Amino acid sequence: MSKRKTYHVVPDKTGWEIKQQNSSRALRKFNTKDEAVNFARNLAKQNEPSQIKIHKKNGKFQEERTYDKDPYPPKG
């Protein structure tokens, strides 16, 4: 099973950007959060298994969405 890719939707100085897990470079920048989330969702669906982690304007974690089967399901 392939490893899951994780994308973060995070605020920046002028809007929102999408970053891949463990990368400091933005994959793409957007003016609005909705645009960034829609792009990240399509990117994640094209690269399943994957997930997006959406952050608030203050940078704190808000929501997580997983696409395809989770390769690390919890036991129990």
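These numbers were taken from a predicted model, which means no experiment stands behind them. Values below: all heavy atoms of this structure, side chains included; hydrogens, waters and symmetry mates excluded.
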Step-by-step side chain to side chain contact (heavy atoms under 4.5 Å, CB included) determination, E17 to V10: CA-CA 6 Å; E17 59 188 18; V10 295; 3.7 Å; yes

[X] and [Y]: which non-hydrogen atoms are nearest, and at how many Å?
X   : Y   : answer
K57 : D12 : NZ-O, 4.2 Å
Y67 : Q51 : CD1-CA, 4.5 Å
V9  : A40 : CG2-CB, 3.8 Å
W16 : A36 : CB-CB, 3.9 Å

How many angstroms lie between [atom1] in [X] and [atom2] in [Y], if you round to the nearest 0.5 Å?
X   : Y   : atom1 : atom2 : answer
N47 : N42 : CG    : CG    : 11.0 Å
Q46 : R41 : CD    : CZ    : 12.0 Å
N38 : F30 : CG    : CZ    : 9.0 Å
I18 : K29 : CD1   : NZ    : 12.0 Å

Pair I54-H8, side chain to side chain contact (heavy atoms under 4.5 Å, CB included): steps then yes or no: CA-CA 6 Å; I54 303 167; H8 291 262; over 6 Å; no

Step-by-step side chain to side chain contact (heavy atoms under 4.5 Å, CB included) determination, Q20 to K5: CA-CA 8 Å; Q20 192 165 349; K5 292 186 180 188; 4.1 Å; yes

Backbone of A44 reached by a side-chain donor or acceptor of S50 within 3.5 Å: yes

E35 side chain vs T32 backbone, donor-acceptor pair below 3.5 Å: yes

Side chains of H55 and K60 in contact at under 4.5 Å (non-hydrogen atoms): no

Heavy-atom side-chain contact between I52 and E63 under 4.5 Å: no

Set of side-chain hydrogen bond (donor to acceptor under 3.5 Å, both in side chains) partners for K33, sequence neighbours left out: Q62

Chi angles and distances behind the side chain to side chain contact (heavy atoms under 4.5 Å, CB included) call for L43, R28: CA-CA 11 Å; L43 184 64; R28 187 132 181 226; over 6 Å; no

